[in-house]
Each structure stands twice: as structure tokens, then as C-alpha cells.
Amino acid sequence: MRYSPQFPTALQDLANALYADLSVREQHPASPGFRVQVDGECLSAPQRVYFDLGILRAAIARSTGDRQTLALCLGSRHCDGHVREACLRSLIQSDTMWVVPFVVQLLGEYVIEINRCIEENIAVMDRLLYGRFMAQNPAFVATTKRRIASYWDCYHRHRYPNFATYPARLAMRSLECMEKDAAGLALATQD
């Protein structure tokens, strides 16, 4: 049985159709990657996708709305880091909750340009959405934090001898602040 990503119910049919279109000339079948909760619904994304670049680019260029956003999210899981970064740049300012895990997941990867892109764009990211997502997915956040530390240690310690200055760590610290802000806001609205 082939892996198929899982999206919130309202998007699942659209996601299935898009995934089938993108997988037509896939070079290698995708395997399950991360699994998170998005406002009470499961979202499961592939570890990596090996979509034909022409098909992926055409799907992004010819689509609009949720279909285009879904294509960008799936593209952020592509085996080519340049493709992941390009998709991220289009997703980073999204105010859609189901996009958030795709951005956060990229912090736990080794491509420093992607880490920098997120860190440089923290100020434009929706604080409430990211904070809510972080609070809803503590295990995912903990795994991402471990990956950040591991990739820093393996690949980037020479450039960033102080872990606190590593772009992925800086971005994660900002996301943790967003989580605290969202929790504070939730408490304030309960009163």
C-alpha cells in the first residue's frame, strides 16, 4: 500500500487528488514522515517526496488557493533542498494553521539556508497560530529541538561554535516565546 498524506478533513479529497497528480512520475515512493495535531485533526506528511520537478512546478504555478498551498507544503518535503527552500519562502507568511507544521518541521533539518530563512522571517509569522501549534504538539516540538541540536553538532558547530547563535535554535526560541504568548492569551480570554 502506497503512503498517502493525511490532511484536515476539509482538505483531504483535494490533497489526495493533488498527491496522485504529483506522484505520476515519482522517482521513489514516499514514506511516512511527521504526524501532528492541527486543531484536533491529524496531519501526516511524507518524510521526503521525489516528485518530478516539472510536474511539481507546474502544479504550483497553475494552482490557486488551497491546492497551490498544498502543493507548496508537499514541495517543502522534496528531496532537493533548493526546492524545499523555495516552497518555504512562499509559505512562511501563511496564516493557515495546517501550513505551520511544514515550516516548523524544516527547522529540524540540516540545510542552514532553510534555517536562516525561518529565523529571518520570524517577525512576519503569525504568533498566535505558531504558538497554538506548538502547544498542541509537544512531542513533535521536542523531537524537532533534538534534531536542531543534532544537526548543529554534526554539521554547523564549526560555523556557530555557540549553540545559542545557531539560526535554527534562535528560531525555535522565538517559537517557544510564541507558545507562551498564545498560552497567556488563552488564559486571559478564559477570565
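One is the number of the first residue; the rest follow in order along the sequence.
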Just do the side chain to side chain contact (heavy atoms under 4.5 Å, CB included) check on H82 and V111 with the steps written out, would you? CA-CA 9 Å; H82 296 287; V111 181; over 6 Å; no
Quick one about Y110 and N115 (side-chain donor to acceptor, distance below 3.5 Å, no hydrogens or angles considered), yes or no? no
Look only at the side chain of H78 and the backbone of R48, and say whether a donor-acceptor pair between them is shorter than 3.5 Å. no
Can you confirm whether the side chains of E41 and T9 place a donor and an acceptor under 3.5 Å from each other? yes
Membership question, hydrophobic clusters at under 4.5 Å side-chain separation (ILVMFWY): are L170 and I118 in the same one? no
Please assess L88 against S76 for the test side chain to side chain contact (heavy atoms under 4.5 Å, CB included), listing each intermediate value before the final yes or no. CA-CA 6 Å; L88 168 66; S76 77; 5.6 Å; no
Sub-3.5 Å donor-acceptor pair from the side chain of R77 to the main-chain atoms of Q47, do we have one? yes
If I compare all heavy atoms of T144 with all of G108, which pair ends up nearest, and what's the gap? CG2-N, 3.8 Å
Side-chain heavy-atom pair P8, L11 within 4.5 angstrom cut-off: yes
Which atoms form the tightest heavy-atom contact between D80 and L53, and what is the distance? OD2-CD1, 4.5 Å
Which residues pass the side chain to side chain contact (heavy atoms under 4.5 Å, CB included) test with V38, sequence neighbours left out? V36, L43, M97, W98, P101
Is the side chain of D52 donor-acceptor paired with the backbone N or O of I55 at a distance under 3.5 Å, no angle test? yes
Please report the interatomic distance CG(D13) to CG(L18), rounded to the nearest 0.5 Å. 12.5 Å
Beyond-backbone contact of M125 with L175, side-chain heavy atoms, under 4.5 angstrom: yes
Side chains of D181 and E176 in contact at under 4.5 Å (non-hydrogen atoms): no
Return the orientation label for the F163 and W152 ring planes: parallel under 30°, perpendicular over 60°, tilted otherwise. tilted
Can you find a heavy atom in the side chain of Y130 that is under 4.5 Å from one in the side chain of I122? no
For the OG atom of S90 and the CD atom of E85, what is their distance to the nearest 0.5 Å? 11.0 Å
Answer yes when R62 and D21 have at least one side-chain N-carboxylate O distance shorter than 4.0 Å, and no when they do not. no
Inter-residue atom distance M134.CE - F140.CZ, 0.5 Å rounding: 9.0 Å
Looking at I60, is its backbone amide N or carbonyl O close enough to the side chain of S63 to form a donor-acceptor pair, meaning the two atoms are under 3.5 Å apart? no
Rounded to the nearest 0.5 Å, how far apart are SG of C87 and CD1 of I92? 12.0 Å
Considering all heavy atoms of both residues, which atom of L22 and which atom of A59 are nearest to each other, and what is their separation? CD2-CB, 3.7 Å
State, yes or no, whether a side-chain contact exists between Y50 and P29 at a heavy-atom distance under 4.5 Å. no
Residue set satisfying side chain to side chain contact (heavy atoms under 4.5 Å, CB included) with Q12, at least two apart, ordered chain then number -> Q6, F7, A15, N16
Minimum side-chain heavy-atom gap V49-H28 below 4.5 Å: no
Whether D153 side chain and A149 backbone form a donor-acceptor pair below 3.5 Å: no
Test ring pair (Phe, Tyr, Trp, His ring centres under 6.0 Å) on F51 and Y19; report intermediate values, then the result. CA-CA 10 Å; F51 301 143; Y19 194 77; 5.7 Å; yes
Are R147 and L107 packed together at the side-chain level, in the sense that at least one heavy-atom pair is separated by less than 4.5 angstrom? no
Taking the side chain as C-beta and beyond, is there a heavy-atom pair between E109 and R84 under 4.5 Å? yes
Over all heavy atoms of both residues, which pair between V99 and S94 is shortest? Give the atoms and the distance, please. CG2-OG, 3.6 Å
Strictly by modelled atom types, are N121 and Q93 linked by a side-chain donor-acceptor pair under 3.5 Å? no
From the list E179, R132, M178, side-chain contact (heavy atoms from CB on, under 4.5 Å) with R127 holds only for M178
Under a 3.5 Å threshold, yes or no: a donor from one side chain and an acceptor from the other, between R146 and T143? yes
Hey, do the aromatic rings of H156 and Y151 have their centres closer than 6.0 Å? no
When rounded to the nearest 0.5 angstrom, what distance separates SG in C73 from CG in L91? 5.0 Å
